[in-house]
J.: 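This is the structure I want to talk about, given as structure tokens.
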Number of protein chains: 2
Amino acid sequence: MGTAQLTAVPEPKYWHLRTVLLRAIDSEFATGEVIPNERELSARFGVARATLRQALDQLELEGRLVRRRGIGTLVAAPRVGVPVSRREEGWPGGSEQSWQTVDCSIAPATEQLAAALNVPVGETVYTVRRVRLNQGQPVATESLHVPDSALAQLPEIRLSGTAGEAADQGRAVLRRLERLTVEGESRAVELGVAEAEQAALLQRPPGTPVLVVTSQYASGGRLAALAVATYRADTCRLTFGETGLVEVTPVPSAVRTAS
Amino acid sequence: MGTAQLTAVPEPKYWHLRTVLLRAIDSEFATGEVIPNERELSARFGVARATLRQALDQLELEGRLVRRRGIGTLVAAPRVGVPVSRREEGWPGGSEQSWQTVDCSIAPATEQLAAALNVPVGETVYTVRRVRLNQGQPVATESLHVPDSALAQLPEIRLSGTAGEAADQGRAVLRRLERLTVEGESRAVELGVAEAEQAALLQRPPGTPVLVVTSQYASGGRLAALAVATYRADTCRLTFGETGLVEVTPVPSAVRTAS
DNA sequence: GAGTGGTCTAGACCACACT
DNA sequence: GTGTGGTCTAGACCACTCG
């Protein structure tokens with residue numbers, strides 16, 4: 001008991017390591033720089049590689065590190081702010097260049113989907129899949145579900161190009177949606193992980209943490225469309241700026257006052 | 001090459017395990033039920049315990065499982081929808097019972113905080129810390145930063161009770177804020193991890209994933225307050241319902257059409 | 001081929017909750 | 001005390017990127 005009261009609260013090694021590494025990457029490394037490899041770091045700190053990796057896992061979840069197989073571990077760039085609230089961004093017709101239609105499928109509503117769209121089971125539902133790009137990199141995927149009955153009052157659109165192509169069909173659905181007057185929209189955000197399909201579109205391995213944004217669009221007193229978008233949690237900060245009155249501050253994630 | 005094309009894409013074991021376990025908890029277990037312990041599951045599936053734990057980690061991140069030391073691993077309840085957009089919820093004065101003031105500190109703005117609030121370094125800033133409760137359980141913590149200059153035009157409030165108490169002081173600041181007319185607010189959501197202080201308030205271990213909500217409130221053409229709230233990512237689904245026209249659907253997280 | 005991160009193993013001990 | 005999840009170890013091999 002001679003050395004008592006040292007680290008009276010035995011904080012886990014990996015958590016302490018995270019703190020040490022966080023300070024290091026904040027002060028000694030620049031964005032995009034590679035930090036020493038895992039075997040060297042684990043040796044330097046006198047821990048097993050698995051323990052060191054636990055610390056790196058945390059920092060990666062926080063978006064501070066990026067690990068690339070065969071390359072190394074890099075200091076991540078600050079997260080990019082991605083607007084999701086304004087209709088111009090989330091709804092077809094706005095800054096179109098940020099969304100890119102992948103394909104479209106037509107199928108009768110499953111029980112689950114029918115309940116979410118508030119339509120009878122078996123009703124025809126269009127599903128448009130899109131990818132959102134930011135500076136050339138995919139940051140989100142989206143599945144936009146539109147029941148056929150919501151499009152019924154809208155004029156049909158015939159495409160000039162090769163009809164029948166999946167992506168073209170998706171674009172046709174989007175064009176018709178543009179003519180819809182949206183009276184209300186509500187959104188929900190939660191944490192999820194990307195399954196194989198979405199992970200591939202995001203160019204990330206399965207299990208990648210994502211922010212799942214569920215958007216409901218109301219028109220004519222009913223639910224006209226349901227969008228489920230998954231944003232890369234490591235690189236994205238979702239912004240809901242109703243009014244652009246105040247510029248978005250960088251990231252005061254750990255704002256502390258000396259109390 | 002006799003057994004070729006079997007599992008041509010060698011999916012990691014832990015990912016496959018996750019899929020199997022997910023199906024199991026969806027079909028064979030009820031909310032709150034404990035699933036077999038890790039040592040038994042790892043034996044049953046013929047994998048090391050660390051590999052099994054990797055699968056459980058994923059499911060816990062998705063909010064499907066809750067692990068309690070000394071107890072076991074339980075099937076988690078569906079995430080609760082937590083409104084964060086409407087002023088009545090996030091701004092003082094609304095449904096007061098959901099937020100509980102912890103304490104308040106007064107300090108000159110640090111460089112970082114000054115930049116975020118757009119005030120000169122050293123200006124007096126009130127910081128009110130609150131905890132948001134949902135059905136008795138803490139779901140979020142918040143630090144609300146208010147520069148003194150934003151309160152200058154508001155009448156002072158003298159408390160009837162024991163003045164000087166930290167929580168009372170916080171409530172006094174909140175009461176004054178209620179009288180402020182807010183013209184604009186913008187929000188950002190990103191993924192983070194809870195540090196020691198916040199983790200304790202949320203009754204979770206450090207490193208717990210959280211959804212960090214940064215809110216800016218504008219008044220009189222300037223930034224009047226900055227709130228940084230951390231919501232438990234495992235139990236919360238943040239809802240941004242501008243208009244309550246459409247009820248929020250359960251969770252169509254993996255809505256798929258047979259394509 | 002050399003170096004990197006990703007996966008997996010088979011153990012060990014600890015902290016905690018119940019009985 | 002017994003059983004649970006939490007941490008940690010010291011290895012091994014694989015998949016990928018590069019020169």
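Below, read A as the first sequence line, B as the second, and so on, with proteins coming before strands; counting in each chain starts at 1.
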J.: Using the closest heavy atom to pick a nucleotide of DNA chain C for each, name whichever of A:Arg53 or A:Gly70 lands nearer the 5' end.
T.: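 Taking each residue's closest nucleotide, the earlier one in sequence belongs to A:Gly70.
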J.: Let me know the distance between CH2 of B:Trp15 and P of C:dG6, rounded to the nearest Å.
T.: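 My rounded result for the distance is 15 Å.
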J.: Using a cut-off of 4.0 Å on non-hydrogen atoms, how would the nucleic acid contact of B:Arg68 be classed: base, sugar-phosphate, or nothing?
T.: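 Sugar-phosphate, no base atom in range.
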J.: Rounded to whole angstroms, how far apart are CD on B:Glu38 and P on C:dA10?
T.: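 Going from CD in B:Glu38 over to P in C:dA10 covers 16 Å.
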J.: Whether B:Tyr14 contacts C:dT7 is assessed here as follows: a side-chain N or O lying under 4.0 Å from the phosphate OP1 or OP2. Is that the case?
T.: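 Checking B:Tyr14 against C:dT7: at least one side-chain N or O falls below 4.0 Å of OP1 or OP2.
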J.: So, A:Thr127 versus A:Ser143: side-chain donor-acceptor pair below 3.5 Å or not?
T.: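 No, no side-chain donor-acceptor contact under 3.5 Å.
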J.: Send over the distance from B:Gln58 CD to C:dG6 P, rounded to a whole Å.
T.: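 Result: 13 Å.
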J.: C:dA10 C1' sits how many Å from B:Arg39 CZ, rounded?
T.: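 Rounded to the whole Å, the gap is 13 Å.
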J.: Can you see if the side chain of B:Thr51 gets near the phosphate of C:dC8 - specifically, an N or O under 4.0 Å from OP1 or OP2?
T.: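 Answer is no, no contact under 4.0 Å.
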J.: If you find the nucleotide of DNA chain D closest to A:Lys13 and the one closest to A:Ile71, which residue's nucleotide is nearer the 5' end?
T.: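 The 5'-side residue here is A:Lys13.
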J.: A:Asp57 has an atom CG; how far is it from atom P of D:dG6, in whole Å?
T.: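 After rounding, the reported distance stands at 15 Å.
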J.: Please check the phosphate of C:dT4 (OP1 and OP2 only) for any side-chain N or O of A:Asn37 closer than 4.0 Å.
T.: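 For A:Asn37, the contact criterion (side-chain N or O under 4.0 Å from OP1 or OP2 of C:dT4) is met.
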